[in-house]
Amino acid sequence: MAKIMEVENLEVVYGVIKALQGISFYIEEGEIVTIIGANGAGKSSTLRAVSGMVRPSSGTIRFKNKDITNSPSHLIARQGLSHVPEGRGMLTKLTVEENLILATYNRKDHAKVKEDMGDVYKQFPRLSERKKQAAGNLSGGEQQMLAIGRALMTGADTLLLDEPSMGLAPLFVKEIFAVIKRINQAGKTVLLVEQNAMTALHTANRAYILENGAVLKSGKAGDLIDDPEVKNAYLGGH
Amino acid sequence: MSISKSFSPVKVILLFLSMAVLCSLPFVVSSFVLRIATGIMMWIGLALSWNMLGGYMGYISFGHGASFGIGAYIAGMLMTQLHLPFFGALAIAGILTYVFAALVGYPTLRLSGSYFAIGTWAFAEMMRQLVLVLEITGGPEGLRLPPMLNDNFFYFVMLGLALLVFLIAFLFFENSDFGLKVKAVREEETAARTLGLHTTWVKNQVFAISSMFAGIIGGAFAYWITFIHPDSVLGPLIADQMVIMVLLGGIGTLFGPVLGAIVLYVGNQYMLVMWGQSSAYLIILGLAICLVILFLPEGLMSIPRILGGSRNGIFTRLLSRSKKSNI
Amino acid sequence: MELLEIKDLNHMFGGLKAISSLNINVKSKMIYGVIGANGAGKTTLFNLITGIYHPTTGQILLDGISLVGKQSYEISRLGVARTFQNLRLFNDLTVVENIHVGQIYRRGLGKQKTKNLSAKINSLLNLFGLDARAEDKAGNLPYGMQRKLEIARALATEPKLLLLDEPAAGMNPHEVQGLVGLIKEVKRQYSDITIILIEHQMKLVEGLCDYATVMNFGQVIANGTVQEIQNNPVVIKAYLGEAEVG
Amino acid sequence: MGLLMQTTVNGILIGGIFITIAVGFSISYGVMHIVDFAVGEWIMLGAFSAFWLNQYTKIDPLLLIPFIALFFALIGYLFQPIIQKVVNIKHRSAAMMALAFTFGLSTLLRGAALTLWGFNNRNLVTVLSEMNVNLFGITVPAIRAAATVFSILVTAAFAFFLYRTKTGITIRAAAEDKTVAGLMGIDGHRISRLVYAIYVGLTAMSGVFIGSIFSVFPDMGLRYTAFAFFVVVAGGMGSFSGAIVAGLLLGLISSFVSVYVGGAYVFLILFFILYLILVFLPKGILGKGW
Amino acid sequence: GCGSSSTGASSSASSETRDYYKVGVITSLSGAEVYGGNVTKYGYDLWADAVNKKGGIKVDDKNYQLKLIYSDDQSDPTAGANAAERLITSEKVDFILGPYTSGVTKAVAPILDKYKVPMITGSAESPTIWTQKFKYTFGTIPAADLTANSPLDTLAKLANPPKTIAVLGVNDAFSKAVAEAFKASAEKNGMKVVKYDVVPAGTDFTPLISAIKQLNPDVLAVGGHETEHMQVIKASKSLGFMPKAFVMHYGITTPDFIKNLGKDGDYVYGAAVWTPDLKLKDDLFGTVEDYVKASKEKFNVVPDYTQAGCSATGEAFSAALAKIAAKPPLSEQQREQLVKALEEIDIQTFYGPIKFATEGNWYHDNVGLKALTIQMLNGDQLVVGPDNLKAKDPVYPVPAFNAR
Ligand SMILES: Nc1ncnc2c1ncn2[C@@H]1O[C@H](COP(=O)(O)OP(=O)(O)OP(=O)(O)O)[C@@H](O)[C@H]1O
Ligand SMILES: Nc1ncnc2c1ncn2[C@@H]1O[C@H](COP(=O)(O)OP(=O)(O)OP(=O)(O)O)[C@@H](O)[C@H]1O
Ligand SMILES: [Mg+2]
Ligand SMILES: [Mg+2]
């Protein structure tokens with residue numbers, strides 16, 4: 001399959017802190033790839049650099065055969081890449097529906113927009129019940145649904161999800177992962193960052209293990225689950 | 001952290017030297033220069049007092065001029081109507097401004113951010129209008145004080161006040177638990193409260209103390225200038241200048257307000273002298289403020305660091321800027 | 001002995017009943033877990049105990065003293081400290097200064113001030129592995145360290161009762177284990193401390209809690225030891241879900 | 001009875017003028033998070049440009065309004081990146097620095113106007129200036145009535161734009177979180193420029209009305225900044241209905257205090273009420289502000 | 001402490017030598033009163049020009065030129081005090097031409113007393129300046145309370161005098177004094193004051209004028225400056241309020257008022273101590289007509305009584321300097337002599353007589369001038385009272401706005 005994204009020697013620096021030391025990875029179309037790593041390993045920084053929220057200090061990012069390394073985030077988004085950031089990025093004063101409409105800002109295919117809106121509401125019936133409610137008043141799980149729904153509404157074919165399970169009750173965690181699977185099956189490429197490494201590895205096709213801003217290991221998700229080192233460091237032993 | 005650490009011998013010597021220079025000033029310079037120096041001292045004191053509230057605690061007040069004006073009027077009225085001696089009037093003005101601010105602070109400090117800024121501004125305007133309609137303040141006629149025409153006296157009074165405010169800022173805001181409490185309120189008030197800080201009290205104290213110093217300086221100003229008027233001591237320009245001075249110098253630092261006060265006051269006077277025949281100096285003043293903010297966004301206090309060529313140094317910044325612009 | 005007694009607590013946000021007829025008793029020196037679905041009212045409970053919100057009705061007693069109507073700072077001085085689900089550090093202050101603020105009104109504050117103070121701060125820095133970044137601004141720490149700093153800062157007040165709101169949020173299972181060890185160490189060093197923690201990561205709850213309460217829609221739906229709870233069908237249905245994936 | 005009605009009408013007409021300014025101001029505050037001290041100078045420049053254009057073209061100032069609005073919108077659009085540069089500073093008090101920047105800007109513009117055009121008062125005459133309408137014994141000055149009606153129409157149109165159109169939602173999204181908006185494909189900087197342009201255009205346009213109701217001089221901005229602040233804050237930043245209510249409140253207080261309490265107390269009472277509103281209703285009278 | 005007194009003796013000017021007079025000017029070149037500040041500037045400039053064109057001030061057969069040093073008081077008393085200090089101690093001026101506003105004058109006066117430098121203000125009109133009895137401060141224009149009664153006195157003598165009057169004043173020192181004087185003179189003349197109110201600067205006049213319209217007074221009298229006067233007329237017109245007469249004071253003779261209001265500004269009554277039509281003359285400026293011509297040439301304005309007053313102020317200095325034969329630079333002793341000479345002068349100028357009071361409530365104010373009642377017509381200031389000076393009969397009641 002074709003590589004939809006290729007990242008080479010990506011470096012991100014915050015003031016004096018070097019968050020990424022030059023990492024490389026790729027994603028093929030239709031894959032779920034997960035990035036796993038300890039706190040501060042640089043997972044979020046990777047996503048932020050890819051989506052243009054932070055500017056890398058060096059390295060290149062190619063998306064759909066275009067160099068997007070220094071493009072601003074709104075232009076990257078328009079290429080069909082959608083980032084659900086850490087903390088969900090709710091626009092709390094806008095209603096659920098407005099949040100969804102907003103995401104279609106740059107779309108011209110109005111008929112498809114309608115259809116997608118229907119799909120999102122079907123996918124997350126809870127959201128359709130809360131259409132007119134301000135996003136800020138949703139519970140944590142509902143906000144997570146809205147964040148993913150919004151990403152779908154952008155019409156993007158590639159989603160970057162940053163810890164979608166954070167702060168969610170176990171029951172919801174399962175639901176979110178099921179949703180991710182479903183989305184993927186519907187044809188979206190997903191780059192997933194997770195602390196919940198076990199579940200992430202079970203969901204993904206391939207995985208990268210990040211440590212101190214560098215790629216420690218990479219490979220098939222299934223293989224990594226059985227890797228003793230990975231098991232020890234990220235899956236909580238045994 | 002401790003005081004002993006920040007007092008190296010070099011610093012002590014520097015301190016004594018600058019004190020000697022400051023004390024001998026009246027005997028070497030002309031009386032106009034001395035007058036400017038008196039003005040500088042006054043503004044240093046005012047900027048420092050504003051910085052207690054705006055810098056250390058993060059409550060940006062556009063109404064600090066009200067404290068200045070209230071102090072000026074109280075001292076003035078005590079001296080003209082009750083014939084109190086100057087220092088007595090000054091002390092009472094300080095106490096009354098403190099009490100008044102503590103009372104007003106209680107509701108006002110419920111506001112924060114831009115709302116606090118506009119709330120204090122509205123309050124100050126209200127005070128100006130009040131003084132304009134009251135009889136005992138002289139209304140639009142203003143208030144005349146008995147002239148006491150001794151330049152040296154006022155220079156030393158203002159110098160003393162500036163040093164006092166500086167010392168308080170240094171001892172209580174830079175180097176003490178109290179200062180830490182104030183900064184904690186600025187950073188995260190809810191958390192501070194759950195750590196046992198009575199934040200309402202802390203805020204009120206800072207508000208009242210900083211107002212008190214502005215009030216005392218106002219009182220001294222009234223006696224110095226001998227004539228006060230609602231527009232001159234309660235007008236918005238007083239507070240505006242304090243804010244600009246502090247921002248220009250470096251907000252939340254000890255020396256920033258000092259530097260800002262000197263540069264702005266001297267700059268303003270210089271421009272008045274050089275271009276005072278036309279309103280062009282307003283253009284220059286406005287332009288200067290804009291340019292400083294554009295190129296020294298953290299105030300004049302950041303110059304040494306920028307010249308120092310550290311990571312945030314000017315070259316790094318220029319580089320990163322040019323990188324941004326070719327996207 | 002009961003350290004904390006919550007009796008018939010109710011709290012409304014406008015028309016929303018966030019806490020409803022809640023009763024909880026926490027014995028001294030225990031580690032007590034509070035779990036429950038998103039929006040169940042757990043954080044609200046902490047906010048009520050620490051005086052950030054004032055309950056609509058009901059009682060909260062600490063050592064028999066009512067906390068209702070008291071301000072946060074008073075409650076803190078009575079010996080209650082907490083961390084926040086969405087970190088609330090003094091971002092522009094250094095790590096040391098953050099802990100120092102916690103020390104200012106530490107419980108049982110004697111006259112022997114400054115002397116032991118830096119020793120205390122050092123031991124906290126040490127315990128939480130923050131020594132190396134002691135002079136860094138709190139806002140520049142990685143997320144995980146920020147969480148630890150918040151706990152250290154709360155401990156600096158020398159509380160009887162420590163409330164932790166999702167201390168393991170955003171940690172991987174390995175790190176969760178580290179945190180379990182850390183909290184155990186805290187419990188060892190501060191022998192008379194009582195801890196209540198809110199957590200979604202059952203690993204942590206299993207590893208630490210003597211007893212737990214499960215909340216849903218502002219109410220208690222189950223009480224018991226962690227094992228009892230994990231096998232409670234009501235809890236499974238409302239919170240845990242069926243057996244783990246894989 | 002007649003006086004009561006007249007006083008009410010006067011009040012409505014006094015406040016009406018400031019509604020447009022408040023609307024523009026609060027949306028620009030919402031998106032850029034800076035309090036613009038130069039708001040009065042944009043009023044002044046709008047009034048002056050109407051005056052000069054009228055001098056040279058003899059076209060009625062009211063007809064010049066669309067042109068002036070567009071022209072100043074363009075100026076705002078071109079100027080905004082400079083302010084944005086200050087707002088973008090990574091510093092705890094970046095917003096304050098931006099505020100100080102607008103203070104500098106206001107001084108600069110005032111100084112320039114004073115130097116360029118002198119200190120004289122100028123009269124801006126429109127067809128409506130001379131007219132008044134008599135309704136049931138109440139005299140309604142035509143130009144003020146036009147200004148008020150115009151204000152309310154502009155406000156309503158703008159509210160529709162913000163709440164019913166996609167661009168409007170985009171602006172509100174950018175007002176809340178530009179980073180997140182960026183992830184939705186929205187160019188936050190372009191939105192900021194757009195909003196600042198709208199604000200400067202609206203404010204300059206109000207300047208034409210203010211100039212023709214009162215008079216045109218370089219220092220006029222100082223005076224109206226205070227009123228604009230009143231309406232913005234009392235109405236609640238970002239609240240349109242609030243701005244309308246606060247504008248009317250401003251006018252009614254001025255009018256009733258002048259007539260029934262005493263002219264000297266107008267500003268005293270006005271600022272006192274503003275202070276009370278701020279302290280007790282920090283989100284504005286209708287509680288709808290940001 | 002180390003603060004002992006030495007009242008600026010070191011700054012005495014006597015050590016310097018120069019062959020011209022250095023004249024300090026403190027006035028408002030920016031800030032709220034920039035308009036009036038510039039009016040005074042025109043007046044002072046014209047005096048200096050006229051003197052210098054004639055070769056200078058003649059002392060002991062030698063002519064000494066004038067050099068004006070301006071200092072902006074920013075319409076702020078504090079800045080005014082700074083300006084005075086600088087002019088005296090740094091620039092070492094010989095004497096000072098004073099501020100436009102009364103507030104600045106009050107802040108400057110004590111500094112003059114300290115350094116013993118005389119000042120004449122050609123503008124400030126607030127009565128409270130003179131009650132303080134500052135030794136070194138003089139004024140050319142009579143205080144407002146000496147002049148403001150004149151228009152109502154004139155109206156009261158008519159066959160059908162006004163019976164009711166409403167009085168508005170702006171809440172600044174000068175305007176309020178004028179309003180109070182209007183009220184007092186109305187009452188003295190047996191008119192009924194149906195409304196008296198003082199408003200802060202910047203108020204919208206429509207509510208008050210509506211209220212006054214309901215009371216339907218014969219006369220509306222307003223104490224204010226040109227900006228407010230324009231507002232009052234505009235508001236009255238837009239509300240359809242037309243009393244039998246408007247009475248105002250300073251401001252209606254300014255080019256702004258005349259130009260901006262056009263016909264609407266006609267027939268307004270005012271008080272002035274001088275108009276461009278007076279038949280007076282002196283050696284320096286020639287006739288009033290000549291003075292007006294000079295003003296039009298240099299500044300393109302028809303002078304009003306404040307501008308002319310400022311020019312005349314200079315003449316008082318010229319006369320006093322000549323009298324004591326003091327060459328520049330002036331020593332402290334000479335400056336004291338100058339004050340004495342000023343107290344004694346009694347001269348006739350194109351502006352009228354100048355003679356400063358030496359006692360009483362108007363100490364050092366010019367009490368030689370008579371107040372005139374003027375009525376505006378086509379931009380001209382027609383003298384309509386008192387009877388012995390009038391050029392024309394007053395028009396009363398005045399035609400309505402739309403009947404002109
Ligand atoms: N300030 C508030 N105003 C209105 N509603 C609120 C407020 N704070 C919380 N709520 C609501 O109260 C309910 C309980 O919220 P709370 O934060 O206590 O949940 P929680 O149990 O901590 O959930 P989570 O596990 O997601 O953190 C939620 O429905 C929430 O939306
Ligand atoms: N805005 C910032 N300023 C300074 N340092 C930052 C900033 N954001 C992240 N960092 C630092 O960069 C490093 C990597 O952070 P990043 O957020 O990418 O980690 P992460 O793997 O997502 O961690 P977590 O699991 O905690 O979310 C950390 O050391 C962090 O402290
Ligand atoms: Mg992360
Ligand atoms: Mg919670």
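Quick note on labels: first sequence line is chain A, next is B, and so on, each numbered from 1. The structure displayed is predicted, hence computed values, not measured ones. Computation of the quantities below employed the complete heavy-atom set of this structure, encompassing side-chain atoms and omitting hydrogens, waters and symmetry-equivalent molecules.
Crowding of A:N212 atom CG: a count of heavy atoms from other residues, nucleotides or ligands under 6.0 Å not exceeding 12. Counting heavy-atom neighbours within 6.0 Å of A:K43 NZ, excluding the residue itself, gives a total above 12. Other residues, nucleotides and ligands contribute only 12 or fewer heavy atoms inside 6.0 Å of the NZ atom of C:K137. No more than 12 heavy atoms of other residues, nucleotides or ligands shown are found within 6.0 angstrom of CZ on C:F217.
Considering every non-hydrogen atom in both A:A38 and C:E175, the closest pair reads CB-OE2, 3.0 Å. Contact detail for A:A169 and C:G36: the closest heavy-atom pair is CB-O, 4.4 Å.
Formation of a donor-acceptor pair under 3.5 Å by the C:H200 side chain with backbone atoms of A:P170 is not found in this model.
Counting heavy atoms from C-beta outward, C:N38 and A:L168 have side chains that approach closer than 4.5 Å.
The CE atom of C:M171 sits 14.5 Å away from atom CG of A:N196, with the distance rounded to the nearest 0.5 Å. For the atom pair C:K237 NZ and A:L171 CG, the distance stands at 9.5 Å (nearest 0.5 Å). Taking NE2 from C:H174 and NZ from A:K231, the interatomic distance works out to 15.0 Å, rounded to the nearest 0.5 Å.
Contacts between A:I17 and chain C at a heavy-atom distance below 4.5 Å involve the side chain alone, from C-beta outward. Of the two parts of C:A238, only the backbone, made up of N, CA, C and O, holds a non-hydrogen atom closer than 4.5 Å to a non-hydrogen atom of chain A.
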